[in-house]
2 protein chains.
Amino acid sequence: MTNELDPTDIEILKLLQQDATLTNKEISFKLHKSIATIHERIKRLKEQGYILRTVSILNRKKINKSLIAFSQVLLNDHAADTLAAFEREVSKFPEVMECFQMTGTFDFILRIATSDMDAYHDFYRNKLATLPNITTVQSFFVLSETKSDTAYPL
Amino acid sequence: MTNELDPTDIEILKLLQQDATLTNKEISFKLHKSIATIHERIKRLKEQGYILRTVSILNRKKINKSLIAFSQVLLNDHAADTLAAFEREVSKFPEVMECFQMTGTFDFILRIATSDMDAYHDFYRNKLATLPNITTVQSFFVLSETKSDTAYPL
DNA sequence: GTTGAAAGACCTAGTGA
DNA sequence: TCACTAGGTCTTTCAAC
């Protein structure tokens with residue numbers, strides 16, 4: 001079986017990125033295909049790793065995660081071991097939802113979710129700033145969410 | 001019924017943030033509750049807006065979105081109308097997955113998904129840079145993903 | 001690759017405890 | 001909150017095209 005996507009696969013992925021509670025039946029109706037075809041396609045898309053996982057997205061304001069920060073971190077040593085150690089340790093903090101190594105004037109960008117500025121301060125002081133080899137941390141805070149999507153353009 | 005979360009609700013949300021394909025039966029087994037209880041809880045969590053939606057997360061490298069950029073945008077005018085107009089227009093671009101208004105030395109941060117640097121360049125030149133009132137755009141590119149989670153800590 | 005059919009699993013609402 | 005019930009829906013498989 002081929003490992004490339006045809007237009008039906010693309011449409012299925014578009015739909016599931018927006019709403020993964022759609023049943024095979026509903027998708028088959030939208031795409032004018034049989035239920036078995038849709039079932040087979042989705043099974044293959046999961047097996048071949050196109051679909052990584054299916055998750056519920058929560059309303060962060062209702063679960064007391066009102067403050068989102070993006071923190072840019074610069075290290076004072078760029079040996080592979082140092083970078084790997086930072087990645088390993090920072091990933092353990094539950095407040096850190098994302099960690100990317102970046103091009104440019106800093107090394108990493110972190111997305112940090114906390115309840116408020118006090119909680120962020122606590123995280124910064126007692127967790128992030130205790131990691132070795134950090135030169136600077138520059139943080140920016142989300143004032144408002146204009147667009148917040150997990151779907152890639154297809 | 002109250003609008004606060006008890007420990008069972010928290011556990012359900014934790015599970016569904018990681019894997020929303022779990023059946024009520026599986027969740028009831030993990031949490032040592034009846035299926036009816038789990039069903040009732042999840043229904044309520046959706047109705048009360050704790051669970052916003054359920055989506056499939058795709059493998060961006062397999063769907064030709066290898067390049068992720070974070071772009072910091074500074075505007076030359078901060079009237080409410082200007083901000084709103086920028087938000088409205090930038091949200092229309094499918095490459096823009098996220099747009100947040102931020103505290104600090106710039107106004108917005110955008111997460112942009114494209115296939116490669118050529119595609120990013122095209123987006124920048126023909127879409128983003130054509131919007132009015134932009135003073136500067138500073139972009140950083142993801143070198144590697146250390147952690148990429150949609151789940152909030154609970 | 002696609003289809004329809006069929007069996008089994010699951011969802012959902014309701015009852016009574 | 002639970003156990004149980006029952007109807008309806010969905011998933012999953014498979015022989016056949």
Side-chain angles (χ1 to χ4, degrees), chain A residues 1-60 62-64 149-154, chain B residues 1-65 115 150-154:
Chain A
M1 187 176 294
T2 176
N3 200 345
E4 292 185 7
L5 297 177
D6 71 10
T8 301
D9 293 323
I10 300 279
E11 290 305 312
I12 291 171
L13 292 177
K14 278 188 190 174
L15 289 171
L16 292 180
Q17 279 197 116
Q18 299 296 340
D19 182 2
T21 67
L22 288 169
T23 64
N24 292 350
K25 190 180 177 184
E26 290 169 321
I27 296 171
S28 71
F29 181 76
K30 284 176 191 279
L31 303 186
H32 310 99
K33 302 276 179 179
S34 75
I35 294 176
T37 297
I38 300 300
H39 178 257
E40 191 56 43
R41 295 298 189 103
I42 293 177
K43 191 178 160 196
R44 181 169 57 77
L45 289 167
K46 289 185 178 173
E47 285 170 354
Q48 296 183 342
Y50 287 94
I51 297 172
L52 293 177
R53 60 190 190 280
T54 295
V55 301
S56 290
I57 304 295
L58 305 189
N59 184 341
R60 67 183 173 82
K62 297 209 68 157
I63 55 168
N64 198 27
D149 212 336
T150 53
Y152 294 100
L154 287 176
Chain B
M1 186 172 297
T2 176
N3 199 346
E4 292 185 7
L5 298 176
D6 71 9
T8 301
D9 293 324
I10 301 279
E11 290 307 311
I12 291 171
L13 292 178
K14 278 188 191 173
L15 289 171
L16 292 180
Q17 278 197 118
Q18 299 296 339
D19 182 3
T21 68
L22 288 169
T23 63
N24 291 352
K25 191 180 176 183
E26 290 169 321
I27 295 172
S28 70
F29 182 77
K30 283 177 191 280
L31 303 187
H32 309 100
K33 300 278 180 180
S34 74
I35 294 177
T37 299
I38 300 300
H39 177 253
E40 194 54 43
R41 297 298 190 104
I42 293 178
K43 190 180 162 197
R44 183 170 54 77
L45 289 167
K46 288 185 179 176
E47 285 170 354
Q48 295 184 341
Y50 287 95
I51 296 173
L52 292 178
R53 59 189 191 280
T54 296
V55 301
S56 291
I57 303 296
L58 306 189
N59 183 339
R60 66 182 173 82
K61 297 195 176 168
K62 297 209 68 157
I63 55 168
N64 198 28
K65 293 291 172 280
S115 56
T150 52
Y152 293 99
L154 287 174

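The sequence lines fix the lettering, A, B, ..., with proteins before strands; numbering per chain opens at 1.
- Ile38(A) places its CD1 atom 9 Å from the P atom of dT2(C), with the value rounded to the nearest Å.
- Among the nucleotides dG1(C), dA13(C), dT12(C), the one closest to any side-chain atom of Lys43(B) is dA13(C).
- With a cutoff of under 4.0 Å to any heavy atom of chain A, the contacted region of DNA chain D is bounded 5' to 3' by dC10(D) to dT13(D).
- Side chains of Leu58(A) and Leu52(B) form no contact here, defined as non-hydrogen atoms less than 4.5 Å apart.
- Glu40(B) has its CD atom 10 Å from the C1' atom of dA13(C), to the nearest Å.
- For the pair Ile12(A) CD1 and dG1(C) C1', the computed distance is 13 Å after rounding to whole Å.
- Taking the salt bridge (Lys or Arg N to Asp or Glu O under 4.0 Å) definition, one finds that Arg60(B) meets it with Glu145(B), sequence neighbours left out.
- Following rounding to the nearest Å, Glu26(B) (CD) and dA9(C) (P) show an atom-to-atom distance of 13 Å.
- The nearest whole Å value for the distance from the CD1 atom in Ile35(B) to the P atom in dA9(C) is 13 Å.
- A salt bridge is absent between Lys14(B) and Asp9(B): the closest approach of a Lys/Arg side-chain nitrogen to an acidic carboxylate oxygen does not fall below 4.0 angstrom.
- Atoms NE2 (His39(A)) and P (dA5(C)) sit 18 Å apart, rounded to a whole Å.
- Residues Ile38(A) and Lys43(A) form no side-chain contact, since every pair of their non-hydrogen atoms from C-beta on lies 4.5 Å or further apart.
- Nucleotide dG4(C) holds its P atom 14 Å from the NZ atom of Lys25(A), rounded to whole Å.
- Considering only heavy atoms from C-beta on, Tyr50(A) comes within 4.5 Å of Leu5(A) through its side chain.
- With a 4.5 Å cut-off on side-chain heavy atoms, Ile63(B) and Leu13(A) count as touching.
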